[in-house]
Amino acid sequence: MAFKKENKKRYSYIRKAYSKNGWISFAIGLLVIILSFASIAISVYQGGRASMLSSSLGFSAIVFSIMGLWFTRLGLMENDKNMLFAKIGGIASFIVVVFWIIIML
């Protein structure tokens, strides 16, 4: 006896388009993580003496992460869009901002 598969319509809520600003936030989130790791790696390589390159990478990470938080806000305000990448980018940007604030204090 063969069983037939029922042709049920399956609904997926992930079919919504991703928010445009969410993609930007995600890209900025990846960028600030890379900039932060590069800044720390250069500082460790130089024996703890941070050079101008290391400090400029750290400052750029702070500026870009604040910009990433702004794009996260814009991405979360879009209606009828999937906000997964906006949330991931926002979390990454927030963690980097908090990390650099703790380092500076």
Side-chain angles (χ1 to χ4, degrees):
M1 213 171 151
F3 292 100
K4 291 184 180 180
K5 287 187 176 180
E6 294 181 24
N7 290 333
K8 291 184 180 180
K9 289 186 179 181
R10 295 183 185 220
Y11 294 101
S12 175
Y13 296 103
I14 301 178
R15 297 283 183 217
K16 292 180 185 178
Y18 292 107
S19 65
K20 181 180 178 182
N21 291 317
W23 278 106
I24 296 170
S25 172
F26 180 72
I28 291 174
L30 287 178
L31 177 69
V32 298
I33 289 173
I34 292 169
L35 288 174
S36 296
F37 280 135
S39 174
I40 293 168
I42 290 171
S43 179
V44 168
Y45 179 73
Q46 294 178 345
R49 289 184 228 111
S51 65
M52 182 66 77
L53 176 64
S54 177
S55 56
S56 65
L57 288 175
F59 182 73
S60 297
I62 293 170
V63 171
F64 279 120
S65 61
I66 292 170
M67 198 168 77
L69 289 173
W70 177 257
F71 278 106
T72 298
R73 181 181 174 274
L74 293 177
L76 293 175
M77 291 175 57
E78 293 182 22
N79 293 330
D80 297 328
K81 299 285 182 173
N82 191 345
M83 299 174 189
L84 176 69
F85 288 111
K87 291 176 184 177
I88 293 172
I91 290 169
S93 295
F94 180 75
I95 288 172
V96 169
V97 165
V98 169
F99 172 77
W100 281 110
I101 288 173
I102 290 172
I103 292 289
M104 288 182 189
L105 293 179

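All heavy atoms count here, side chains included; hydrogens, waters and symmetry mates do not. Count residues from 1 along the sequence. Everything numeric here is computed off the predicted structure, so don't read it as measured data.
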Checklist entry - Just by distance, do the side chain of Ser56 and the backbone of Leu53 share a donor-acceptor pair under 3.5 Å? => result yes
Checklist outcome for this item: For Gly75 and Met83, the nearest pair of non-hydrogen atoms, with its separation, is O-CG, 4.1 Å
Checklist entry - Which distance, rounded to the nearest 0.5 Å, do you find between the OG of Ser60 and the CG of Leu35? => result 6.0 Å
Item to check | Over 12 foreign heavy atoms within 6.0 Å of CZ, Phe94 | outcome: no
Checklist entry - Out of curiosity, does Phe71 fall in the hydrophobic cluster containing Leu76 (side-chain heavy atoms, cut-off under 4.5 Å, transitive links)? => result no
Item to check | Side-chain heavy-atom pair Met104, Ile62 within 4.5 angstrom cut-off | outcome: yes
Checklist entry - Residues two or more places apart in sequence or in another chain: which of them pass side chain to side chain donor-acceptor pair (under 3.5 Å) with Ser54? => result Ser39
Checklist outcome for this item: Minimal heavy-atom distance between Lys20 and Glu78, with the atoms involved, is N-OE1, 3.5 Å
Checklist entry - Are Ile66 and Ile24 grouped together when hydrophobic residues (ILVMFWY) are joined by side-chain heavy atoms under 4.5 angstrom apart? => result yes
Checklist entry - Can you tell me how far the OG atom of Ser43 sits from the CD1 atom of Ile103, to the nearest 0.5 Å? => result 9.5 Å
Item to check | Test item: Ser51 and Ile42 side chains (from C-beta on) under 4.5 Å apart, heavy atoms | outcome: yes
Next on the checklist: If I take atom CZ from residue Phe64 and atom OG from residue Ser93, how far apart are they, to the nearest 0.5 angstrom?
Outcome noted: 11.0 Å
Checklist entry - Residues two or more places apart in sequence or in another chain: which of them pass side chain to side chain donor-acceptor pair (under 3.5 Å) with Ser36? => result Trp100
Checklist entry - So, Ser25 side chain and Asn21 main chain: donor-acceptor pair closer than 3.5 Å or not? => result no
Checklist entry - Which residues satisfy the ring-ring contact (aromatic ring centres under 6.0 Å, His included) test with Phe85, sequence neighbours excluded? => result Tyr18, Trp23, Phe26
Checklist entry - Step by step, would you call Met67 with Val32 a side chain to side chain contact (heavy atoms under 4.5 Å, CB included)? => result CA-CA 10 Å; Met67 198 168 77; Val32 298; over 6 Å; no
Checklist entry - Heavy-atom distance under 4.5 Å between the side chains of Phe99 and Ile40, does that happen here? => result yes
Checklist entry - If every non-hydrogen atom of Leu57 is compared with every non-hydrogen atom of Ala38, which pair is closest and at what distance? => result CD1-CB, 3.9 Å
Next on the checklist: Please tell me whether Val98 and Ile91 are part of a single hydrophobic cluster in this structure, the criterion being side-chain heavy atoms less than 4.5 Å apart.
Outcome noted: no
Item to check | Point-to-point distance, once rounded to the nearest 0.5 Å, from CD1 of Ile28 to OG of Ser65 | outcome: 9.5 Å
Checklist entry - Between atom CG of Leu30 and atom CD1 of Ile88, what is the distance when rounded to the nearest 0.5 Å? => result 9.0 Å
Checklist entry - Going only through I, L, V, M, F, W and Y residues with side-chain contacts under 4.5 Å, is there a path from Leu105 to Phe59? => result no
Item to check | Closest contact, heavy atoms only, Gly89 versus Thr72 | outcome: C-OG1, 4.0 Å
Checklist entry - Would Ile95 and Ile102 show up in the same hydrophobic cluster when neighbours are defined by side-chain heavy atoms closer than 4.5 Å? => result no
